[in-house]
J.: 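Pasting in a structure now, in structure tokens, and then I'll have a few things to ask.
Computed from a predicted structure; not experimentally measured. Letters go in sequence order (proteins before strands), and every chain restarts at 1.
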Amino acid sequence: MLEKTYQPSKIEDRIYGEWERAGAFEVGRSGRNGAEPYCIVIPPPNVTGSLHMGHALNNTLQDVLCRFERMRGKDVLWQPGTDHAGIATQMVVERQLMERQEPDRRTLGREEFIRRVWTWKEESGGTITRQLKRLGASCDWRRERFTMDDGLSRAVIKVFVALHKEGLIYRDKRLVNWDPKLLTAISDLEVQQVETKGSLWYLKYPLEEVPGEFIVVATARPETMLGDVAVAVHPKNGRWKHLIGKHAILPLVGRRIPIIADEYADPEKGSGAVKITPGHDFNDYEVWLRHEDAELKGVQPISIFTPEAKLKSSTFDDYAWGHRGTDPRHPDVTMADEDLVGEETFELIPEELRGLDRFVGRKKIVEMLESKGLIEKLEPTVHTVPHGDRSGVVVEPYLTDQWYVDAKTMAQKPLKAVRGGRTKFVPKNWEKTYFEWLENIKPWCISRQLWWGHQIPAWYGPDGKIFVEQSEAEAYEAARRHYISTGFISENDYEDLKRQPAFADWLKRDEDVLDTWFSSALWPFSTLGWPDATPELKRFYPTSTLVTGFDIIFFWVARMMMMGMHFMKEVPFRNVYIHALVRDEKGAKMSKSKGNVIDPLSIIDDLGADALRFTLAVMAAQGRDIKLSERAVLGYRAFATKLWNAVRLAEIYQCNVPEEFEPRHVGDALNRSIIAKTAKAASKLTKALEEFRFNDAADTIYRLTWDEYCDWYLEFAKAKLTSSNNQIRRETQSTVAWVRDQILKLLHPFMPFVTEELWRTTSKTRIAEAELLTLAKWPSLRHLEGRSEKQTIEFAYQIVRETRSVRVNFGMPANERIVIAPTKLPMANTKILAANTEAIERLSNSQIERGRRQRSNKATGLFVYRVSIPGVAGAELKIVMPRSFDPVEQQRRLRDEIKKIDSEIFRLNEKVSNPDFIRNAPSEVVEEQRARLKEEKTRRAKLRAALASLRRAPNVVRSRSKLRPRKGRGKVKARTSRRHKPTRRKRKLRAASNRKLRGALRLGRAASKIRRRKI
RNA sequence: GGGCGGUUAGCUCAGCUGGUAGAGCGUCUCGUUUACACCGAGAAGGUCGGCGGUUCGAGCCCGUCACCGCCCACCA
């Protein structure tokens, strides 16, 4: 026996355990050998991560797809794993060292530090995996991978070496975005532009050729002026063009720099002349390149800042003015890269500026210029300043050697693949974003000055020559061959060297590691076993669908396309489903600092994983962000409870599906109808999922369960479940159970836990079906969708709806039984009516009168309200009003309704009498409109008749509405004026007093009648 | 500057190929020996952002304007 309410926390862990024990999520389960493969690779969460709402959404959608396809009989592989997340993980472990007051990273040394990270990973790295299980994720956990595990590392090295040999990976000295806090290069994508208030300084540079005159340059970064190599002005326009070819003297240092012509200088902006600082600005670097062989021949970019060692106790910014050796304030700390500023550059920097933090230096240099009268003016501006997305500090363009991927070349095939439809984005408009980015892609900087990650397989020889090989041994071998063949070393000398300890340092491995996204880019094939030709690789690549957020289309999706096309010669996935962001209920991004984060785990604890999953799925309409509130989840927990209770009802009435039950042969109209509706819902849901319309799919099963099954079907079925007619009772019991089972299956991808639990507890009576719902077959019910709707139970439902509506609209109390009489029914409907009389009467609290007895109603002369029964031509429902309704109110109501119908009829008339409409519209639309017109006219006639008879009706008491304050109105006011909702107890009291009031009114009515008679 | 998306009931949002504007929540009224009060019934509530166009017919297609959001680029 099921408990009265569903408590998710009681069952979820147990159910997940059962799935795992049964190996339900394992790929290639027995009996699936002939099955079509279906594969999703999980977007690997950071190993440091814990489940946030974005993960919850992302993985819910993947799980819905996987469970759906698994039930459809496909051989499903949901490939799980985590990402080593270079910077994030390194930061976490460094923080931990600090908290435990252990030696910092540099003190520990690289090897020991990495050992610590691995320890951390073993201890804490499983968090996200456990949390995904709590969400219900049906991954094949046996196959879990990690971007730093041996296999994936091997794939990374192999890819790097191969691309290097093809010239698609190379080392280059150029400007990169340098993160001064993390002390590493980062890629363009890791830079966030932040709007910042700043100033624009107008600096006066003296002209060499015209003493006493100046050229004015505008800059937001005056401190970089020490690195200026030129001043650029527009070649044709502006106030400075006459100075082209002349020279300026760089203030403070007295260096002579040329004034050059370049279109980059916009005469409209700033002063019209721009300082060129190729060592510290991407645009200036481009200008330098353009003039490298002309006016700037022999001039090199100057880097005037040095990254310095990250100091634990540092109170100043980590990026400072050029200096060497030691920091004056920290004489004991040796700089990591003391040679990054060359001797000459060092000499270029005035002594008082050396060693200053860059922002302190800015102030200082402005003061120095100001004191010399070289600042013309200062303008406040707002400009966007690049920040490191991880560190949050202002990044610095920095000229240094890094490794790059030739992304431009690699982008070509991915572009073609999507243009040719081999990979499709859903929704499609993201393709445009993808195209734009790939078409304008720049070299991808892949080296990072970190320790945690895949160390670059490049070794430097004694003369700086680079050997990129898969292993140290191979690098040494390559070096041996190279140096011997070039005569750098003789064979004998090499053999000697080999025996010496110095040999270990003969080649030096590159210290840097690869961008985390480099290994993620291989994910769709590396996790399947590449570079080995595994059966899984053959079977599941290309994968079916990738489910991810739009924020990583560039970071991840595009790069997987590049690597996939290059190494597998095929797209990594057929579909890319891009889902939205989960925001808070006000639409703000969830963030810890804002404190508006909804933690999926606490939601799961309180309301259940199913409720959360269903909420996310039903809200996942394409192209819109999800605004999530706890209230919404609450609503879908109620849905789980509703389902629970429906199954309980089936249990109470001993419903089960006997072996011989065949839904096609069901005879009763009520039962036939719910079977057809279930079948239609199944098709609709299936189609929606095939098209990634998760919200439509979820909505469909919600409607079927709650509206059709619970609110209508089960309510009608109750009468039959206790019927003394054995045949009808058994058929209904079977149908109740059969539909229940279809619902459990259809809902299972969305709400796996509660449906599994219900399946288990009700499956004792089921035959030839899977023990576990998760392994059951997806319903395929096309043949049960049925033919016409005309003779279904729907009209019986309509009778109930109309009667209920009339009851409330005419102000009758719910507990007063009224008399209704459906008339002019076709034979089929008459039968259905007869078969469902009990249910109709119970649900509308009415008594159905038919045939002879109807005429006796006429004899009473009571007011009879007539309405058409929608869907059954000509049929109408007479509702005999009791003596307890308010006629004045109802006359008003009827007149209002007639007015509405009048305008509707007018509109339809216009339409139908318009020859253009008749000519152009499809005939079925014309017919439809005509039918509607007719229907509306009939309705109006009935209402008019009702109005007329209302005036004559003997059960009308005119004085009543005067006696009684207009029902409800006064109370409405009182209620809405309250600050808060009355408590349940108060509401009960109020209901009781309302009943009393009604009692009093009835008395009043009787009294008034007597009075009238007297008159 | 380039691109994408949004504007529909009090709130949050659906609305597929143009053909009677929907849901959930909230509000109001009524109803509990009933599978479920995490419930049931009914009701109120909308010039579908503005203007123009195409069409027999526009929430949907086209143009335009306004406001909101996001992405990319740039900003001396």
J.: Under 4.0 Å between a side-chain N/O of A/W706 and OP1 or OP2 of B/G40, yes or no?
T.: yes
J.: Scan every strand shown for a Watson-Crick or G-U wobble partner of B/C4, both distances under 3.5 Å, and answer none if you come up empty.
T.: B/G69
J.: With rounding to whole Å, what would you report as the distance between B/G18 and B/U12 at their C1' atoms?
T.: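 One C1' to the other, the span is 27 Å.
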J.: Considering Watson-Crick and G-U wobble pairs with both distances under 3.5 Å, what does B/G45 pair with?
T.: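 When the pairing criteria are applied, nothing turns out to pair with B/G45, so the answer is none.
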J.: Look at the side-chain N and O atoms of A/N645 and state whether any lies under 4.0 Å from the OP1 or OP2 oxygen of B/A35.
T.: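 No, no such contact exists.
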J.: With heavy atoms under 4.0 Å as the rule, sort A/R804 into base, sugar-phosphate or nothing.
T.: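 Since only primed, P, OP1 and OP2 atoms lie under 4.0 Å of A/R804, the category is sugar-phosphate.
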J.: Which value, in whole Å, describes the distance between the P atoms of nucleotides B/G57 and B/U20?
T.: 16 Å
J.: If pairing requires Watson-Crick or G-U wobble contacts with both distances under 3.5 Å, which nucleotide is the partner of B/G40?
T.: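 Across all strands, the one nucleotide that pairs with B/G40 is B/C30.
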J.: Quiz question: going by heavy-atom distance under 3.5 Å, is there a donor-acceptor pair between the base of B/A35 and the side chain of A/E715?
T.: yes
J.: Quick one: is B/A43 close enough that its OP1 or OP2 comes under 4.0 Å of any side-chain N or O from A/S805?
T.: yes
J.: Figure out the NZ/C1' separation between A/K442 and B/C72, and round it to whole Å.
T.: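 Result: 10 Å.
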J.: Using purine N1 to pyrimidine N3 plus N6-O4 or O6-N4 for Watson-Crick, or N1-O2 and O6-N3 for G-U wobble, each under 3.5 Å, what pairs with B/G59?
T.: none
J.: Looking at every strand, decide which applies to A/A640 at a 4.0 Å heavy-atom threshold: base, sugar-phosphate, or nothing.
T.: nothing
J.: Nearest heavy atom decides the nucleotide; on that basis, is A/I918 or A/F282 closer to the 5' end of RNA chain B?
T.: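 Result: A/I918.
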J.: When rounded to the nearest 0.5 angstrom, what distance separates CG in A/L689 from CG in A/D696?
T.: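 Between atom CG of A/L689 and atom CG of A/D696 there are 10.0 Å.
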J.: Expressed as a whole number of angstroms, how long is the span from A/E651:CD to B/C36:C1'?
T.: 14 Å
J.: Think A/R801 forms a cation-pi with A/W712, using NZ or CZ under 6.0 Å from the six-ring centre and within 45 degrees of its axis?
T.: yes
J.: Please classify the nucleic acid contact of A/D551 as base, sugar-phosphate, or nothing, using heavy-atom distances under 4.0 Å.
T.: nothing
J.: So A/K642, base contact, sugar-phosphate only, or nothing? Heavy-atom distance under 4.0 Å.
T.: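 Here A/K642 touches the bases of the nucleic acid.
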J.: When you check the gap from the basic side-chain N to the acidic O, do A/R807 and A/E816 get nearer than 4.0 Å?
T.: no
J.: Say you pick atom C1' in B/A14 and the same atom in B/A21; how far apart are they, in whole Å?
T.: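 Rounded to whole Å, the distance is 11 Å.
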J.: Determine the Euclidean distance between corresponding P atoms of B/A73 and B/C65; express it in Å to zero decimal places.
T.: 27 Å
J.: Calculate the interatomic distance between A/D696 atom CG and B/A14 atom P; express it in whole Å.
T.: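 It works out to 10 Å between those atoms.
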J.: Write down the distance separating the P atoms in B/A41 and B/G24, rounded off to the nearest Å.
T.: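 The same atom, P, in both gives a distance of 10 Å.
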J.: Is the phosphate of B/G57, meaning OP1 or OP2, less than 4.0 Å from a side-chain N or O of A/K911?
T.: no
J.: With side chain to side chain contact (heavy atoms under 4.5 Å, CB included) as the test, pick out the partner of A/V233 among A/I215, A/L243, A/V274, A/I260.
T.: A/I215
J.: According to a strict under-4.0 Å criterion, is A/K432 in side-chain N/O contact with OP1 or OP2 of B/C4?
T.: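 Checking A/K432 against B/C4: at least one side-chain N or O falls below 4.0 Å of OP1 or OP2.
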J.: Expressed in angstrom and rounded to an integer, what is the separation of A/M619 atom CE from B/C25 atom P?
T.: 12 Å
J.: Considering non-hydrogen atoms only, spot the tightest contact between A/A265 and A/G272 and give its length.
T.: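 It is CB-O, 4.1 Å.
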J.: Looking at every strand, decide which applies to A/Y264 at a 4.0 Å heavy-atom threshold: base, sugar-phosphate, or nothing.
T.: base
J.: Just how far, in rounded Å, is P of B/A41 from CZ of A/R842?
T.: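 It works out to 12 Å between those atoms.
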J.: May I ask which nucleotide in the shown strands pairs with B/A14, Watson-Crick or G-U wobble, both distances under 3.5 Å?
T.: none
J.: So A/V925, base contact, sugar-phosphate only, or nothing? Heavy-atom distance under 4.0 Å.
T.: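 A/V925: base contact, heavy atoms under 4.0 Å.
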J.: Any strand is fair game: report the nucleotide pairing with B/A21 by Watson-Crick or G-U wobble, both distances under 3.5 Å, or none.
T.: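 Across any shown strand, B/A21 pairs with none.
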J.: In whole Å, what is the span from the CG atom of A/N695 to the P atom of B/A14?
T.: 7 Å
J.: What do you reckon, are the aromatic ring centroids of A/F694 and A/F750 less than 6.0 Å apart?
T.: no
J.: Whole angstrom is fine here: how far is it from CG in A/L843 over to P in B/G42?
T.: 10 Å
J.: Is any side-chain N of the basic residue among A/K377 and A/E379 closer than 4.0 Å to the acidic one's carboxylate O?
T.: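 Answer for the salt bridge query: yes.
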J.: Please name the nucleotide paired to B/A9 by Watson-Crick or G-U wobble geometry with both distances under 3.5 Å, or report none.
T.: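 Across all strands, not a single nucleotide pairs with B/A9.
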J.: Counting any heavy atom closer than 4.0 Å, what does A/A632 reach on the DNA or RNA strands: base, sugar-phosphate only, or nothing?
T.: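 The residue A/A632 makes no contact with any strand.
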J.: Distance between the P atoms of B/G10 and B/U27, in whole angstroms?
T.: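 Pairwise P distance, B/G10 against B/U27, rounds to 15 Å.
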